[in-house]
2 protein chains.
Amino acid sequence: MGRRSDVLELAVLGLLQESGLHGYELRKRLNALLGPFRALSYGTLYPCLKSLLAAGWIHEAGAGNEAGTATPASPLAGRRAKIVYELTAEGKERFQSLVSHPGPAAWEDERFDVHFAFFARTDAGTRLQILEGRRSRLEERREGYRQSMHRSRERAEQYTLELQRHGLESVDREVRWLSELIDTERASNMTHPPHDGDRPPLPAPAPGPDHESR
Amino acid sequence: MGRRSDVLELAVLGLLQESGLHGYELRKRLNALLGPFRALSYGTLYPCLKSLLAAGWIHEAGAGNEAGTATPASPLAGRRAKIVYELTAEGKERFQSLVSHPGPAAWEDERFDVHFAFFARTDAGTRLQILEGRRSRLEERREGYRQSMHRSRERAEQYTLELQRHGLESVDREVRWLSELIDTERASNMTHPPHDGDRPPLPAPAPGPDHESR
DNA sequence: GAAGCAATGTATCGGAGCGATATATCCAAG
DNA sequence: CTTGGATATATCGCTCCGATACATTGCTTC
């Protein structure tokens, strides 16, 4: 499967862990998972489901009439049924495998969020690895901004500069966020050491976005 | 031209205002403009240049040998020349038009940065309009996050929640940034009132990302 | 002075993914 | 009883991106 859809694969497999879902609900969860905006298209989801089906990681299960209403009249003809997708045993294994040793780049922009969302089902070592990978990725980017701003010192143009200043600041905040998470993870690893399948540390409630300004 | 490339169109037209450039250099400037990362592909740039050419906004100008070395041996055959793209008169008009009355959605994620980058060549009224549009867009998104977090209060999962908390905080910062810019713009409009083609206000140097922590 | 190699430069192709759209069912309001 | 919205499945065209191929400098390093 393609360059980006492997992250979709992970997300779908992850969401189906809990229980079987149909496409529509799956899409809603998917969109909620990564932030309530940036909608995922059905033109992406359904082909992905098909390929997961073909790979044998999920299977379809009709759900028009299993609890309650016995098929009222004719079981034949049209009657478009809901299709509930469920994980197969192989699918569960696949998810564990994806989550335990992340591909070449779990710290890229689109992938990181999904991996993070499933941290509860990821072992502590891998969590740390992904967080640190993400941090260096962002540190590179921060360095890129610094270089770029330094280069354009003279040829400076006010608004462009402001844009870059803001970009740099954002990346910088992101790095600090990751550093805090990493510290939390490490502290939690200390107190209760490399013991397989341990509980995730909760990253401290944090004082909130400081909401009374403006 | 397609859904996304119209922002590319604006960017290219804007960059060529200063002087003619060839594709390679254009790509570098483009990438620097939006942030030093997220590279733009030639597979996007060249088709765009072609369509701009077809529309008559730009024209090609050979630049292999105008200052110095007279064509040494044979002017025939291979000899691949640099192609410098320059704006036509229509191209300049087109840019002004794009910049003065922004399309249906100059405040969307990908478009906003480019429009902002060319604020120096945008009149004060339009600047304010775009900044405010962007802000409401982000306020909607913030509201989306709030809703989403509230909904998943019970079914809460630590890491997912943390991800959303961080997302909300980021959007919130973005909104504050825009509010500051808007205030600055407005103040500057006061002191030197609606007079066509006025100088842009510089948005205050700002104390910087506060760099000694950790 | 040529061999190696990084940067500059132009160009295309396959395919992933998105927006738009078509279709169909259910249910509540009017 | 019909309008309309939420739920639900599905496909198609088109855009854009990553990969790749190519050619030309210009530089170091023997």
Side-chain angles (χ1 to χ4, degrees), chain A residues 1-9 11-12 20-31 34 37-53 58 60-65 68-69 71-74 77-85 104-105 108-111 114, chain B residues 1-9 11-12 20-31 34 37-53 58 60-65 68-69 71-74 77-85 104-105 108-111 114:
Chain A
M1 216 175 337
R3 238 196 61 279
R4 152 117 194 227
S5 59
D6 52 354
V7 76
L8 223 192
E9 176 191 336
V12 169
L21 296 170
H22 48 255
Y24 189 84
E25 179 68 17
L26 207 41
R27 194 188 99 119
K28 281 203 303 182
R29 302 270 181 113
L30 239 17
N31 291 339
L34 310 166
F37 46 96
R38 85 169 145 247
L40 165 78
S41 168
Y42 290 119
T44 307
L45 178 59
Y46 282 111
C48 172
L49 285 173
K50 273 183 189 171
S51 87
L52 292 183
L53 225 34
I58 61 178
E60 296 185 357
N65 54 336
T69 55
T71 46
S74 57
R79 196 55 183 86
R80 182 117 77 127
K82 271 202 219 179
I83 301 173
V84 174
Y85 296 94
E108 288 312 314
D109 286 329
E110 342 74 52
R111 285 168 170 81
V114 175
Chain B
M1 210 171 345
R3 238 196 59 277
R4 153 117 195 225
S5 60
D6 53 353
V7 77
L8 222 193
E9 176 191 338
V12 168
L21 295 172
H22 49 254
Y24 189 84
E25 178 69 16
L26 207 41
R27 193 187 100 117
K28 280 203 302 184
R29 302 269 182 116
L30 239 17
N31 291 338
L34 309 166
F37 46 98
R38 83 171 149 246
L40 164 78
S41 167
Y42 290 119
T44 308
L45 179 58
Y46 282 112
C48 172
L49 285 173
K50 272 184 188 171
S51 87
L52 293 182
L53 226 34
I58 62 176
E60 294 185 357
N65 53 337
T69 54
T71 47
S74 56
R79 197 57 180 87
R80 185 117 76 127
K82 271 202 220 182
I83 301 174
V84 174
Y85 295 94
E108 288 312 314
D109 287 329
E110 343 73 52
R111 285 170 169 81
V114 175

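As the structure is a prediction and not an experimental result, all values here were calculated from the model. When reading the values below, keep in mind they use all heavy atoms of this one structure, side chains included, and skip hydrogens, waters and symmetry mates. To find a chain, count down the sequence lines: A is the first, B the second, and so on, and within it residues start at 1.
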Atom CZ of Arg27(B) to atom P of dA11(C): distance rounded to whole Å? 15 Å
How many Å lie between CD on Glu110(B) and C1' on dT15(D), as a whole number? 13 Å
Residues in ring pair (Phe, Tyr, Trp, His ring centres under 6.0 Å) with Tyr42(A), at least two apart? Tyr46(A)
5′-ward residue of the pair Lys50(B)/His22(B) relative to DNA chain C: His22(B)
Along DNA chain C (nearest heavy atom to each residue), the more 5'-positioned of Ser41(B) and Lys28(B): Lys28(B)
From OH of Tyr24(B) across to P of dA23(D) the rounded distance in Å is 18 Å
Check whether any side-chain nitrogen or oxygen of Tyr46(B) sits under 4.0 Å from OP1 or OP2 of dT10(C), and answer yes or no. yes
When rounded to the nearest 0.5 Å, the distance separating NE2 of His22(B) from CD1 of Ile83(B) is 10.5 Å
Rounded to the nearest angstrom, tell me the gap between atom CD in Glu25(A) and atom P in dT9(D). 10 Å
Given dC17(D), dA8(D), dG9(C), the nucleotide with the shortest approach to the side chain of Lys82(A): dA8(D)
Measure the angle between the two terminal helix axes of the helix from dG1(C)-dC30(D) to dG30(C)-dC1(D), five base pairs each, and quote it to 10°. 30°
Roughly how many Å is it from CG in Asp109(A) to P in dC17(D), rounded to a whole number? 14 Å
Return the minimal non-hydrogen interatomic distance between Glu110(B) and Val7(B), and the atom names on each side. O-CG2, 4.0 Å
Using a heavy-atom cut-off of under 4.0 Å over every strand shown, decide if Gly43(A) touches base, sugar-phosphate, or nothing. base
Whole angstrom value for the distance that separates P of dA8(D) from CG of Leu49(A): 14 Å
Suppose we screen for ring pair (Phe, Tyr, Trp, His ring centres under 6.0 Å). Which residues come up paired with Tyr24(B), at least two apart in sequence or across chains? none
What is the distance, rounded to the nearest whole Å, between atom CZ of Arg29(A) and atom C1' of dA8(D)? 16 Å
Which heavy-atom pair separates Gly20(B) from Val84(B) by the least distance, and what is that distance? C-CG1, 3.7 Å
Are Tyr85(B) and Leu53(B) side-chain neighbours, meaning at least one heavy-atom pair lies under 4.5 Å? yes
If every non-hydrogen atom of Arg27(B) is compared with every non-hydrogen atom of Leu45(B), which pair is closest and at what distance? CB-CD2, 4.0 Å
To the nearest Å, give me how far apart OH (Tyr42(B)) and C1' (dA19(D)) are. 14 Å
